[in-house]
Every structure is written in structure tokens, then in C-alpha cells.
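Note on naming: letters A, B, ... go to the chains in the order of the sequence lines (proteins, then strands), and numbering restarts at 1 for each one.
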Amino acid sequence: MEDVRPEGGAGDKYSLIVPTYNERLNIALVVYLVFKHLRDVDFEIIIVDDGSPDGTQDVVKQLQQVYGDDRILLRARPRKLGLGTAYSHGLKHASGNFVVIMDADLSHHPKYLPQFIKKQQETGASIVTGTRYVKGGGVHGWNLMRKLTSRGANVLAQTFLWPGVSDLTGSFRLYRKSVLEDLINSCVSKGYVFQMEMIVRASRKGYHIEEVPITFVDRVFGSSKLGGSEIVEYLKGLAYLLVTT
Amino acid sequence: MKHIVKIITLLVAVSALWIGLLEMSVVPRSQTWLLPIYFIVSLGCYGLLMVGIGLMHFPTCPQEAVLLQQDIVEAKDFLKQRGVDVGSK
């Protein structure tokens, strides 16, 4: 993979919002990798921790000693309050004009951040979303069943929703800050349907969306979240999006 | 225009075509009655085909897991030296 080294355009600042819950080791690794891959870029990392009992916030404070508390912001909440509100909460403290949302468990590798930034600069897009399902992207750690449901869900969504993106449930995305604010205010779903709703609404509103292939290493082995209730939840979400967007 | 309106418009157009065919008797009526069934079955087959093809060509990246492990070792070394607790979870 070529070494992409963007310098954020004059005055561009990137706020990375990372919701965490019990990620005491992973958050340290993520922070290290972000600093490694984003030299010469003006950014801040906003960690929204939902009262993790494993000491995640202590590790974040140690990281602030190493990297500075102007680059690493800890904006915690008392308990698990959901992903959508975690983004809103992080947004309130974001001083950048671009916002990146990413997971803390290293399934979203910071090495793709320069490519997101470069893509946005080249195209002027309002949203750059990582996609696992195109050439150059990929997934590791999924068994056949997981791949089957993922593919099935994707075909359903493409057939009925015409979303304009190849990866609907992915949550590794770069947004122009004003666009993210607009979308969060327009979306009401929870969980991964929330991610779908955001990108579908963005597509409907005509925002310029670009995609970057990303690789996704799922380290949570054996967690095939494939209950019947998951499938029902997905179909309900799909129907909701079909009718309301 | 909302997406559902687009879909309904499409369905209405197709239905009008189907009714037109019924009326005009260009195609034998018995066959025309079955067209919606053919359409739905074809849609289902198309969907299954897309799932199958997608499954065959599902992009995977085993080498990324290796690279990630290297990154983790590098990160742990760096952080440990600087007083960040990177002990086991």
C-alpha cells in the first residue's frame, strides 16, 4: 500500500470521534496508530467513554500525558447511552471542520485515514465512507455464515433501497462537520440501522459521497451475531428506510 | 421525491403494462396472468444469484491480520516505554 501523506489543506482540522466501552488496551493501540499515520495533519481524538468498568479512562489519561490533552480529549459519559448519542456528544466538543467516526477495537485501522483525507481533498466530497465489499477492501475473521448474512443483507438493501454506496452498515466514515450535524438530527434509528439510515439519508439529500476500500479485521472471534432477532431487526430497519427516506 | 414514491410509480407503470397486455390479447391471456409470478420468481432468482456470486468473490484479507499483529507489537513497545499501561485486557 503506497504511503499516502496528505497535509490537511490550510486550516483543515480533523476531529476523530471514538466511542469506547471496555477498550482499555485497544484505545491505546488505536491512538498510537492514529499518531503514526497522521503526521503533518491537524487533528484531535475525542474519546467518548460510557463509564467503562475496566479502566479505559485511566489509560486515556495516560495517553494524554504522552500525546497532550489538546490532541486527546476525554469526554466521558456515566453509562452506556448508545452510539448515536455518543456521536452527538463527541460532536459538541469537536473543534475540527471535518469529523471521522471510527470504532475503538482496531477493526477500523487508522492507516486508512490518510486515504480518506486525500479522497475528500481530491473530490471535495461531503462524506467519504470506507467500504469492505469492493476490490482492494476486504474482511478477515468472518465465517461462512457471517459472510452469507452480510451478502444477503447487502443484496436486499441494494435491490430495494438503491442506496448509492456499496457498504451500508460500515461505520468508518469521514464527514464534513456540518453534514454530520445535519444527518444526526435527521436520523432516529439505533445500532447499525442508524449507520444505514445516516448514509441513505445522506444519499437522498444529494450529499457528495465517495468510497475508499478498507480492510476489516474482526478480532472478536466466534461472535456471530446472527440471532433470529437480529434478522428481524434488520428487515424492520430496511422497511423503515424504504418508506421514510 | 421519496424513494417509496419512486418504487410505487415503477410498480404502477409495470402494472399498467401488464393490464394493457391482458386487454390487448397480443400474448395469450393464460400466459399473461402468470407474468407477475414470473417476475417475482425471477427477482428471487436474481437475488439468490447475486448472493451466490458475492459470496464466491467475497474479498478477504488474511494478510491484514498479520500486519495488524505487527502493528500491535510495535504499539505496545512504544507505549510501554512511555508509561502507558498496555497489560492484558
Side-chain angles (χ1 to χ4, degrees), chain A residues 1 22-26 28-33 35-36 54-55 58-59 62-63 65-67 106-107 109-111 132-142 144 147-148 150-156 158-163 200 203-204 213-219 241-245, chain B residues 1-15 35-89:
Chain A
M1 196 195 66
N22 283 347
E23 299 283 8
R24 81 176 269 139
L25 173 58
N26 285 332
L29 304 175
V30 167
V31 167
Y32 170 79
L33 289 169
F35 276 88
K36 176 180 174 187
D54 73 343
D58 296 328
V59 174
Q62 290 170 1
L63 291 165
Q65 296 297 313
V66 178
Y67 293 105
L106 281 179
S107 55
H109 199 299
K111 68 183 173 187
R132 299 162 286 182
Y133 300 143
V134 302
K135 196 153 179 250
V139 172
H140 177 76
W142 282 6
L144 185 64
K147 287 183 195 169
L148 181 65
S150 154
R151 186 64 194 157
N154 203 265
V155 167
L156 268 181
Q158 296 292 337
T159 304
F160 290 107
L161 279 184
W162 314 345
V200 172
S203 182
R204 302 287 186 250
I214 58 166
T215 54
F216 182 99
V217 177
D218 195 340
R219 294 160 70 211
L241 289 178
L242 186 60
V243 174
T244 62
T245 60
Chain B
M1 188 196 306
K2 288 222 171 189
H3 184 70
I4 189 70
V5 173
K6 273 191 218 162
I7 299 244
I8 290 179
T9 311
L10 199 64
L11 284 175
V12 166
V14 170
S15 306
L35 279 179
I37 313 255
Y38 291 155
F39 173 70
I40 292 176
V41 170
S42 306
L43 195 64
C45 289
Y46 169 78
L48 286 174
L49 187 69
M50 296 309 292
V51 171
I53 290 179
L55 208 54
M56 274 195 322
H57 295 132
F58 208 106
T60 56
C61 49
Q63 73 284 1
E64 291 293 330
V66 175
L67 289 175
L68 184 60
Q69 289 308 313
Q70 293 172 355
D71 281 334
I72 292 176
V73 169
E74 181 188 317
K76 278 185 169 177
D77 282 341
F78 179 92
L79 292 170
K80 208 184 291 191
Q81 284 173 19
R82 282 158 183 75
V84 179
D85 181 7
V86 287
S88 51
K89 279 180 98 120

Between [options], which residue shows the highest count of heavy-atom pairs closer than 4.5 Å to chain B?
options                              : result
A/Ala28, A/Gly136, A/Pro213, A/Gly55 : A/Ala28
A/Arg151, A/Arg132, A/Lys135         : A/Arg151
A/Gln158, A/His109, A/Gln65          : A/His109
A/Leu161, A/Thr244, A/Leu63          : A/Leu161

Engaged part of [X] at the chain B interface, taking heavy atoms whose separation is under 4.5 Å:
X        : value
A/Phe35  : neither
A/Val155 : side chain
A/Leu242 : both
A/Trp162 : both
A/Val134 : backbone

Side chain, backbone, both or neither: which part of [X] has a non-hydrogen atom closer than 4.5 Å to chain A?
X       : answer
B/Ile7  : side chain
B/Ile8  : neither
B/Leu79 : side chain
B/Lys6  : side chain

So do [Y] and [X] actually touch side chain to side chain, heavy atoms under 4.5 Å?
X        : Y        : value
A/Lys111 : B/Leu67  : yes
A/Thr215 : A/Val139 : no
B/Lys2   : B/Val5   : yes
A/Leu106 : B/Ile72  : yes

Under 3.5 Å, is there a donor-acceptor pair between the side chain of A/Gln62 and the main chain of B/Asp85?
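Side chain of A/Gln62 to backbone of B/Asp85, a donor-acceptor pair under 3.5 Å: yes, one is there.
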Distance (rounded to the nearest 0.5 Å) between B/Leu35 CG and B/Ser15 OG
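Nearest 0.5 Å value for the CG-OG distance: 11.5 Å.
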Does one side chain, of A/Thr159 or B/Tyr46, offer a donor that lies under 3.5 Å from an acceptor on the other?
no
Just checking A/Phe160: does its CZ atom have more than 12 heavy atoms from other residues, nucleotides or ligands closer to it than 6.0 angstrom?
no
If the plane angle is over 60° it's perpendicular, under 30° parallel, otherwise tilted; pick one for A/Tyr32 and B/Phe78.
tilted
